[in-house]
Q: 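Structure incoming, see below.
Any value given below was found using the heavy atoms of this structure, including those in side chains, with hydrogens, waters and symmetry copies removed. Chain letters run A, B, ... following the sequence lines, proteins first and then strands; every chain starts at 1.
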Protein chains: 2
Amino acid sequence: MKENAIRVLVVEDHQIVRQGLVALLSVADDVEVVGQASDGMEAVKEFEARQPDVTLMDLRLPKLSGVEAIQRIRSRYSNARFIVLTTYDGDEDIYRALQAGARAYLLKGMSVDVLLSTIKSVHAGKSIIPPAIAQKLAERMASEPLTQREQEVLEQIVRGKSNKEIGSELGVSEATVKTHINNLLGKLGVEDRTQAATAAIQRGLVQLDPKGGIRL
Amino acid sequence: MKENAIRVLVVEDHQIVRQGLVALLSVADDVEVVGQASDGMEAVKEFEARQPDVTLMDLRLPKLSGVEAIQRIRSRYSNARFIVLTTYDGDEDIYRALQAGARAYLLKGMSVDVLLSTIKSVHAGKSIIPPAIAQKLAERMASEPLTQREQEVLEQIVRGKSNKEIGSELGVSEATVKTHINNLLGKLGVEDRTQAATAAIQRGLVQLDPKGGIRL
DNA sequence: CATCGTTTCCACCTATAGATGGAGAAGACA
DNA sequence: TGTCTTCTCCATCTATAGGTGGAAACGATG
């Protein structure tokens, strides 16, 4: 146990990456890893048990997503501080994580030095959002959000369904589906459903499941 | 420097993950990390300089992909042994890596124990391919490969181009594009271009642009 | 040389997608 | 209450996509 060290909780589902992070942080004498979690539920439990100063959080987690975990924890511990650490997810994840209260967003390509200094800054109460990401965020804020129904239709498009299939899937007529599609194409700034599908994947509006289905 | 240890080269572009891997492997006394590289070109250089027993290789690398790096190295050192280490890439990458001569394919979700035992097995000359991946591979082998032209058309589809646009892009008539699309839809086992686009992304046949600007 | 696969193109046809303009019902909200 | 948004649906039209069958040119391969 280190004296006066920043107490850090590491949440990451890939064991190798998690253990690597822990190993790296362990050598820094002003940071102490007080807990680890490999999914969202565990993260909430560990947070409550350890009360870390800063939580390093991956976004893609089993059981409970990183965003949801942040929300749950912050609903009770409003001053909890999070650094989101991910590979290269879509804008949507960044947006939601920062909305949920994350103080910083780091890519795994970052150096260890940057990681450590970010931990210190966030612990000191600062927010670290790289300019490039801040700009993306501004763009995303400016663009109209999709309605619930439009989001559902978009997911079906990514699944490869035809308008007719989407209609029967959602229990509405094909005409309604067309209306929604026309609206969402405009909002996404694309010309057809194929562009909508790739844009949705790229922006993180819909996730492709690694195996072959779709994950929300 | 450890005695009788397996000499390992670690190739991974994400600094945090790479340094984490190195930290993890360093504590094992029968494995020694003799070099690191963060892109494909560096990997080739490091391999030649260090002559490692086993190379841990990420597939998505700047400058030169992991697959190409493996090919280049094996063209001169045919007994070089590789373990491909990745997050959850498409089938196509797995296929190509194993074709290129990788002896094992591991996901980053694997435990450190599995990683270490895989290193030992591969060093001993074995090949470790998880049954689930072997099956995927068999499926891929069975399915007809796309021709060069079909691949090009597929890429344009993913980029959201219409048949007419694809035609002028590739310098052929729209009719030709339609023919290629009809053929590739059959080969991919999908019904329309939207399904083709998502399938291509999912299977790793086409990579989406690494996002418009968020790289740090 | 003959065959096979690839690439190129055509005509013709049907099905689906997308654009446009309109409209009614339900809930949220000031 | 009036307004706004969302969700629903319709008709109509045009453009694009996709299916089918056929065919010519080319290179590689046996």
Q: How close or far is atom P of D/dT16 from atom CD of A/Q195, stated in whole angstroms?
A: 13 Å
Q: For B/Q156 and B/E152, does a side-chain donor sit closer than 3.5 Å to a side-chain acceptor?
A: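 Judged by distance alone, the side chains do not pair up.
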Q: With a 3.5 Å distance limit and no angle check, can you tell me whether A/R81 reaches the backbone of A/A102 through a side-chain donor-acceptor pair?
A: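 Flag not set: sc A/R81 to bb A/A102 has no pair under 3.5 Å.
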Q: Whole angstrom is fine here: how far is it from CG in A/N183 over to P in C/dA19?
A: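 Going from A/N183 (CG) to C/dA19 (P), I get 10 Å.
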Q: Do A/Q151 and A/T147 get their side chains close enough for a donor-acceptor pair, meaning under 3.5 Å?
A: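 Not at all, the side chains of A/Q151 and A/T147 share no donor-acceptor pair under 3.5 Å.
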Q: I'd like to know if A/R159 and A/E165 make a salt bridge, using a cut-off of under 4.0 Å between side-chain N and carboxylate O.
A: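 Salt bridge: no.
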Q: According to a strict under-4.0 Å criterion, is A/R193 in side-chain N/O contact with OP1 or OP2 of C/dA17?
A: yes
Q: Starting from P on D/dC7, measure out to CG on A/L170 and report it in whole angstrom.
A: 11 Å
Q: State whether B/K63 and B/E42 are salt-bridged, where the test is any N-O pair (Lys NZ or Arg NE/NH1/NH2 against Asp/Glu carboxylate O) under 4.0 Å.
A: no
Q: Would you call B/K108 and B/E12 a salt bridge, using N to O less than 4.0 angstrom?
A: yes
Q: Can a side-chain donor-acceptor contact be found between A/Q71 and A/S75 if the only test is distance below 3.5 angstrom?
A: no
Q: Find the distance A/E165:CD to C/dT16:C1' and express it as a whole number of Å.
A: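 Nearest whole value for this atom pair: 12 Å.
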Q: May I have the distance from A/K164 (atom NZ) to C/dA15 (atom C1'), rounded to whole angstrom?
A: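 So the two atoms are 8 Å apart, to the nearest Å.
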Q: Taking B/T55 for the side chain and B/M57 for the main chain, is one N or O donor matched with an acceptor at less than 3.5 Å?
A: no
Q: Using a cut-off of strictly less than 4.0 Å, decide whether B/S173 has a side-chain nitrogen or oxygen near OP1 or OP2 of C/dC9.
A: yes
Q: Does a donor on one side chain sit under 3.5 Å from an acceptor on the other, for B/T176 and B/T179?
A: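 No, B/T179 and B/T176 have no side-chain donor paired with an acceptor closer than 3.5 Å.
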Q: D/dT6, D/dA17, C/dC9: which one has an atom nearest the side-chain heavy atoms of A/T147?
A: D/dT6
Q: Using the closest heavy atom to pick a nucleotide of DNA chain C for each, name whichever of B/D192 or B/V172 lands nearer the 5' end.
A: B/V172
Q: Give each protein N/O atom lying under 3.5 Å from an N/O atom of nucleotides 19-30 of chain D, with the pair distance.
A:
from   : atom 1 : to     : atom 2 : distance (Å)
D/dG19 : OP2    : B/N182 : OD1    : 2.5

Q: Rounding to a whole Å, what distance do you find between B/L146:CG and C/dT6:P?
A: 10 Å
Q: Take the protein atom CG of B/N163 and the nucleotide atom P of C/dT16, then report the distance between them rounded to whole Å.
A: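 Atom CG in B/N163 sits about 17 Å away from atom P in C/dT16.
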Q: By nearest atom, which of the nucleotides C/dA17, D/dA17, D/dC7 is closest to the B/E174 side chain?
A: D/dA17
Q: Please round to 10 degrees the angle between the axis of the first five pairs and the axis of the last five pairs in the helix from C/dC1-D/dG30 to C/dA30-D/dT1.
A: 40°
Q: If you check the B/S162 side chain, which of C/dT7, D/dT8, D/dT16 turns out closest?
A: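 Shortest atom-to-atom distance from the side chain points to D/dT16.
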Q: Specify the separation, in whole Å, of atom CD of A/Q148 and atom C1' of D/dT8.
A: 16 Å
